[in-house]
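To start, the structure itself, in structure tokens.
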Number of protein chains: 2
Amino acid sequence: MKELLAGASNVGYPAGMEATTAVQACSPLAGRRERKKQRTREALVDSAFQLFAEKGFEATTVEEIADAVDVSSRTFFRYFASKEDVLRTFQDEQFGAVKAAFSARPSDEPVITAVHHAAVSMIRACEDGAFGFDPERFGCLRQLMESSPAVFGSSLEHGQKKHAEMTHIIAERMGVDPTTDLRPHVVASAINSVFHTAFELLSSGTVKVDRFSDVLSELFALLEDGINYPAAAAASPSSSG
Amino acid sequence: MKELLAGASNVGYPAGMEATTAVQACSPLAGRRERKKQRTREALVDSAFQLFAEKGFEATTVEEIADAVDVSSRTFFRYFASKEDVLRTFQDEQFGAVKAAFSARPSDEPVITAVHHAAVSMIRACEDGAFGFDPERFGCLRQLMESSPAVFGSSLEHGQKKHAEMTHIIAERMGVDPTTDLRPHVVASAINSVFHTAFELLSSGTVKVDRFSDVLSELFALLEDGINYPAAAAASPSSSG
DNA sequence: CACAAACTGTCATGCTGTGACAGTTGTCGT
DNA sequence: ACGACAACTGTCACAGCATGACAGTTTGTG
């Protein structure tokens, strides 16, 4: 009775429901119920993204999303805490990928440099459609953030929550204690801000570029070199990118 | 401490009535009606902050806030676009103060350093109760951000909106074109992130400090020196900080 | 005083998010 | 296979946020 998944694109995301940790539960022997839940969840995500792309975020109601999957709107809220939460699942996956790539970087790289390469390579792969990531959804999210303040704010909030995790990872790599050393915090925060800046630059059309990864890479490079630039009056007009 | 800014402050109007024309702010005799509006607005802010402090953000309804000032909840939304918007007015004032202090810094200071001093001196004054700022309200906002995700997200979103303005100011000081030079964007973004980090550190109790300004100053100092730290394996165990 | 404009209150409406309860379906033990 | 049990879902109901429309009141002006 529910052939709703027929039109779903092959985006097999293993995002756990309430899994705050990036547990990639493949759930091999989860049973039929678990499978059905997973399918319903993915169908909701798919339906949501599609409707958002068509009508925009605000104009799309939860009921419409649920109707498209043939479940009640009440059920929707059993899968997602809010309408924004649907979008966060995608960001979770991206963050997890960056995290993994970062851990794999050689330990002789400075922190920012390591994150730089990890992030850029991940995004590049994402742009090329590798890793099972959906470039279309990536673009959709960007467009939504641009148009809807609610999405934008939610994304920022979510990023800030990941910030704590990132701080811990960075502190570990630096071999310092994050409870006494403030440096990991600044680093994690700066990294987060670079991502948002790249997003913003692309959305606002301030810079003309083809790829998100290019902007991101450039921003990271600036951050690596230090950014306490002199004022115009005290500085010689050095060649600026 | 009701009329902490009775004279000149950019008030956040609901959608439609932009504060681009700051004419009325300069005219003290704008009529009885204008005065009454101003009083109602401040009363609403006051009432909101008090109730938020007592019952928390979520638990406080718009109706309660309005009732305390003896207006309808409908009227509340004629003054503020949302419940979060009430809190943003306070942040607006802070941002304006930092902006002004930044502009007054000597031009031989590098950008981060200038913002560093501007922000810290402003916050210090704020902590001491100068400038008509209400330290109590400052603490209340911090507490609210800690407890309510909605407030937190809203604050981030608002900060990001100011980000564009900050970028422009910094680009001006650097004497570069923000449409071709990415550096001002990184700087503005990093500054924004430093503020949030300081907030986070205080709220989470990660570091033990007496004053917000102390953490902020320390974070700024780190940012000034560059933050591309080596990994533990590649770094000599020199004194950190 | 009369008139226009602005401000406010009341009513009505739509959407979000949650709680409670009952019905259905999947899971497990026997 | 059958029944007990847990999990999932739908329906109903409700509180709160936010907005639109309309009418009544206050204020500023000629």
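Keep in mind that this is a model prediction, so the values were computed, not measured.
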Figure out the CD1/C1' separation between B:Ile65 and D:dA18, and round it to whole Å. 14 Å
Over how many whole Å does the gap from A:Asp85 atom CG to C:dT16 atom C1' extend? 14 Å
Contacts of type side-chain hydrogen bond (donor to acceptor under 3.5 Å, both in side chains), residue B:Thr179, not counting sequence neighbours: B:Asp177
Here the distance between atom P of D:dC5 and atom CZ of A:Arg33, to the nearest Å, is 15 Å
With sequence neighbours excluded, tell me which residues meet side-chain contact (heavy atoms from CB on, under 4.5 Å) with A:Ser103. none
Mapping B:Thr40 and A:Phe76 to their closest nucleotides on DNA chain C, which lands nearer the 5' end? B:Thr40
Rounded distance in Å - CD (B:Gln38) to P (C:dC7): 12 Å
Can you tell me which nucleotide in C:dG26, D:dT9, C:dT8 comes closest to the side chain of B:Tyr79? C:dT8
Which whole-number value in Å describes the distance from A:Glu34 CD to C:dC28 P? 11 Å
By nearest nucleotide on DNA chain D, pick out whichever of B:Phe57 and B:Lys36 is the more 5' one. B:Phe57
Considering just the side-chain nitrogens and oxygens of B:Lys37, establish if one lies under 4.0 Å of OP1 or OP2 belonging to C:dC7. yes
For residues 55-69 of chain B, which residue pairs qualify under salt bridge (Lys or Arg N to Asp or Glu O under 4.0 Å), counting only residues two or more places apart or in two chains? B:Lys55-B:Glu64
For A:Ser73, side-chain hydrogen bond (donor to acceptor under 3.5 Å, both in side chains) partners two or more places apart: none
Please write out the pairs of protein N or O atoms and N or O atoms of nucleotides 11-16 of chain D separated by less than 3.5 Å, giving the distance to one decimal.
none

Sequence-distant partners of B:Phe199, ring-ring contact (aromatic ring centres under 6.0 Å, His included), two or more places apart: B:Phe212
In whole Å, I'd like the distance from the CZ atom of A:Arg39 to the P atom of D:dT9. 11 Å
Minimum heavy-atom distance between A:Val194 and B:Ser189, given as atom pair plus value: N-OG, 4.3 Å
To the nearest angstrom, the CZ-P distance between A:Phe77 and C:dA20 comes to 17 Å
Here the distance between atom C1' of C:dT8 and atom CZ of B:Arg41, to the nearest Å, is 17 Å
Salt-bridge present (A:Asp46, A:Arg41; N to O < 4.0 Å): no
